[in-house]
Engineer: 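Below: one structure in structure tokens.
Fair warning: this is a prediction, and the values are worked out from it, not measured in the lab. Sequence lines set the chain letters: A, B, ... in the order given, protein chains first and strands last, and positions in each chain run from 1.
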Amino acid sequence: MGERGRKVLDLEKEALRQLDILSHGAVDVIPKEELLEKLKRSLETKTPLRVKLGLDPTAPDIHIGHTVVLNKLRQFQDLGHHVQLVIGDFTGRIGDPTGKSETRKQLTEEQVQENAATYRAQVFKVLDEERTMLHFNATWLSSLQFAEVLRLGATVTVARMLERDDFKKRFSENVAISIHELFYPLMQAYDSVALETDVELGGTDQTFNLLMGRTLQKEYGMSPQVVITMPLIEGLDGVQKMSKSLGNYIGVDDEPKDMYGKAMSIPDELMVKYLTLVSGLRKDEVEALEAGLVGGTVHPRDAKMKLAHALVTRFHGRTAAELAQEAFVRVFQKRSLPDEIESFALEAERVALVPLLVRAGMAPSNSEARRLIAGGGVKMDGETVNDAALEFEPRTGMVLQVGKRRFIKLDVQG
RNA sequence: GGAGGGGUACCAAAGUGGCCAACUGGGGCGGACUGUAAAUCCGUUGCGCAAGCUUCGUAGGUUCGAAUCCUACCCCCUCCA
């Protein structure tokens, strides 16, 4: 075999190696052969692949659900490829995609920039900044001619569009769908055309949109992108997919203690999934834990503590994880006070408990505060309060507690 | 454009003149149990200490009294064109 032949063989081998890494953990790679082809060509021509991920500009907080996809992007980067992050600022300007009565507030240019900055800060906890390009899709979408838009519209039928899960659902449940919403998948697909994307990533819920990119790229005579879908993870409730609007998420910017606590509150059934997809633990470590769980040698609580610890370590470092764990054990397992309690300054000599709870932000209204007291959910210095009309003389250092996790320490001025 | 159905609290869904701050389920919150898991059980879920006040698409009207009746408007759905 000649020099040249050997080289080709090495390329082939390397491409297969990359394919293997990149497909791992993915739900689908559509189609796999094309990815292999693209990888080979990339190696041959020493041109990195362009791997795209679209981001919604209205919800700038990244949660660990997003990191499933980000991790995959990072793998691409580690293999020398480039990431195209597309901020859907144009989409954000159009407004209301949910068809609800209230039109979504249009984002101003400033807000978009602000959100983009937030994204950048959070996303690079996972991604390699050097190999990431940030784009805003208004760059190309806002100037599209109507004729061009019609061309986009002509590539899909309504019936096909209504196959998309959320449209189908809304349609059958009689929830309004506006025409412009049908263009969303097309707009996202057009991003791939504009950026000549080689590979696009997304959650499985994005499959339809991602495939639309292929359709459109073909329409424009380009080689269609490969689509990689990643599993979605359920949020803290264990049922709904993790999302900010449902409030069931763990944000990458969450305080270490919150992050730890939230991780501890996930249902057991989700543990392995979290361990696999977001913990940052090595495969063998995860497998060991999993085996222990199945075999009954590892208490689920301890496995979950490992998960929580790993998660905090990943985003805040080891020291923070240790502290968070200690705090958790102290407050929830030993039921003693947290080491640090936010203090609340007040001046009065004599105060009524109910309005104080409201002022301190521990209850949304007086009525609610009363209910909490009636339900035995309020403690003063560890004693359950029974009297909703209670007045007392505050002393600095007194601790008020609502429920299991809300504490406040009084700080009497003067 | 024509005909019909419908908009009730966080969601779903009852209620069709006073007994409705509004049945019920889900969700949320608090409590018990526990591992801040699940399951289960209990309480609670507009504001107000209370008298009471503001809520049933929006704006008016009838009535002693309206989520319920009338008028106009807005929105959604179905069938036809």
Engineer: Could you check how far CZ of A:Arg405 sits from P of B:C29, rounded to whole Å?
Structural biologist: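 After rounding, the gap between these two atoms is 7 Å.
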
Engineer: NA contact type, A:Leu270, heavy-atom cut-off 4.0 Å: base, sugar-phosphate, or nothing?
Structural biologist: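 Counting heavy atoms under 4.0 Å across all strands, no contact is made by A:Leu270.
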
Engineer: If you measure from the P atom in B:A39 to the same atom in B:G27, how many Å do you get, rounded?
Structural biologist: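 One P to the other, the span is 8 Å.
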
Engineer: How far, in whole Å, is B:A14 from B:U8 if one measures between their P atoms?
Structural biologist: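 So the two P atoms sit 11 Å from each other.
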
Engineer: Per the atom types in the model, does the base of B:U45 pair as donor or acceptor with the side chain of A:Arg370 at under 3.5 Å?
Structural biologist: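 Answer is no: no donor-acceptor pair is held.
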
Engineer: So, are A:Asp78 and A:Arg74 salt-bridged, with charged N and O less than 4.0 Å apart?
Structural biologist: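 A:Arg74 and A:Asp78: salt-bridged.
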
Engineer: How many Å lie between CD on A:Glu368 and P on B:G48, as a whole number?
Structural biologist: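 Rounded to the whole Å, the gap is 10 Å.
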
Engineer: From CG of A:Leu293 over to C1' of B:G35, roughly how many Å is that when rounded to an integer?
Structural biologist: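 My rounded result for the distance is 13 Å.
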
Engineer: Is A:Ser365 near enough to B:G48 that one of its side-chain N or O atoms lies under 4.0 angstrom from OP1 or OP2?
Structural biologist: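 So the side chain of A:Ser365 is within the cut-off, an N or O lying under 4.0 Å from OP1 or OP2 of B:G48.
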
Engineer: Should the pair A:Arg41-A:Asp198 be classified as a salt bridge under the 4.0 Å nitrogen-to-oxygen rule?
Structural biologist: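 Salt bridge between A:Arg41 and A:Asp198, a charged N being under 4.0 Å from a carboxylate O: no.
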
Engineer: Output the rounded distance in Å from CG (A:Leu356) to P (B:C49).
Structural biologist: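 It is 14 Å, rounded to the nearest whole Å.
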
Engineer: Between B:U36 atom P and A:Gln401 atom CD, what is the distance in whole Å?
Structural biologist: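 Answer to the nearest Å: 14 Å.
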
Engineer: Pick the nucleotide of RNA chain B nearest each of A:Val354 and A:Tyr260; which residue has the one closer to the 5' end?
Structural biologist: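 Final value for this comparison: A:Tyr260.
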
Engineer: When you measure from the side-chain N and O atoms of A:Asn366 to the phosphate of B:C47, is any distance below 4.0 Å, counting only OP1 and OP2?
Structural biologist: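 No, outside the criterion.
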
Engineer: Taking atom P in both B:A13 and B:G18, compute the distance separating them and give it to the nearest angstrom.
Structural biologist: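 Result for the P pair: 24 Å, nearest Å.
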
Engineer: Provide the distance between the two P atoms, one in B:U44 and one in B:C64, to the nearest whole Å.
Structural biologist: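 Nearest-Å result for B:U44 against B:C64 at atom P: 38 Å.
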
Engineer: Pick the P atom in B:C23 and in B:C10, then give their distance to the nearest Å.
Structural biologist: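 Nearest-Å result for B:C23 against B:C10 at atom P: 14 Å.
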
Engineer: A:Gln333 side chain N/O closer than 4.0 Å to the phosphate oxygens (OP1, OP2) of B:U36?
Structural biologist: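 True: A:Gln333 side-chain N/O within range (under 4.0 Å) of B:U36 OP1/OP2.
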
Engineer: Rounded to the nearest Å, what distance is computed from the CD1 atom of residue A:Ile250 to the P atom of nucleotide B:A37?
Structural biologist: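 One finds 14 Å between P of B:A37 and CD1 of A:Ile250, rounded.
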
Engineer: With respect to A:His81, which candidate in A:Arg50, A:Gln18, A:Arg131 satisfies the side chain to side chain contact (heavy atoms under 4.5 Å, CB included) definition?
Structural biologist: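 Between A:His81 and the candidates, side chain to side chain contact (heavy atoms under 4.5 Å, CB included) is satisfied uniquely by A:Gln18.
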
Engineer: When the distance from CD of A:Glu269 to C1' of B:G35 is rounded to whole Å, what number comes out?
Structural biologist: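 My rounded result for the distance is 13 Å.
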
Engineer: Can you tell me, in whole Å, how much space there is between the C1' of B:U54 and that of B:G4?
Structural biologist: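 My reading of the C1' atoms in B:U54 and B:G4 gives 35 Å.
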
Engineer: Within the pair A:Arg371 and B:G28, is there a side-chain N or O less than 4.0 Å away from OP1 or OP2?
Structural biologist: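 For B:G28, neither OP1 nor OP2 has a side-chain N or O of A:Arg371 closer than 4.0 Å.
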
Engineer: Which part of the nucleic acid does A:Arg406 contact within heavy-atom distance under 4.0 Å: base, sugar-phosphate only, or nothing?
Structural biologist: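 A:Arg406: backbone/sugar contact only, no base atoms under 4.0 Å.
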
Engineer: Looking at A:Gln206, A:Gln188, A:Gln217, which one forms a side-chain hydrogen bond (donor to acceptor under 3.5 Å, both in side chains) with A:Glu200?
Structural biologist: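 Result for side-chain hydrogen bond (donor to acceptor under 3.5 Å, both in side chains) with A:Glu200: A:Gln188.
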
Engineer: Specify the separation, in whole Å, of atom CZ of A:Phe332 and atom C1' of B:A37.
Structural biologist: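 Going from CZ in A:Phe332 over to C1' in B:A37 covers 14 Å.
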
Engineer: Using a cut-off of 4.0 Å on non-hydrogen atoms, how would the nucleic acid contact of A:Gly403 be classed: base, sugar-phosphate, or nothing?
Structural biologist: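 It contacts sugar-phosphate atoms only.
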
Engineer: Can you tell me whether the side chain of A:Asp302 and the base of B:G35 have a donor-acceptor pair closer than 3.5 Å?
Structural biologist: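 Absent.
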
Engineer: Without hydrogens or angle criteria, can the side chains of A:Lys125 and A:Gln122 be said to hold a donor-acceptor pair below 3.5 Å?
Structural biologist: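 No, because no side-chain N or O of A:Lys125 sits under 3.5 Å from a partner of the opposite role on A:Gln122.
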
Engineer: By the 4.0 Å heavy-atom rule, please label A:Pro300 as base, sugar-phosphate, or nothing.
Structural biologist: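 Base: the residue A:Pro300, judged by heavy atoms under 4.0 Å, touches a nucleobase.
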
Engineer: Can you tell me how far P in B:U63 sits from the matching atom in B:A81, rounded to whole Å?
Structural biologist: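 Roughly 46 Å separates the two P atoms.
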
Engineer: How would you label the contact of A:Ser265 with the nucleic acid (heavy atoms, under 4.0 Å): base, sugar-phosphate, or nothing?
Structural biologist: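 Counting heavy atoms under 4.0 Å across all strands, the contact made by A:Ser265 is with sugar-phosphate only.
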
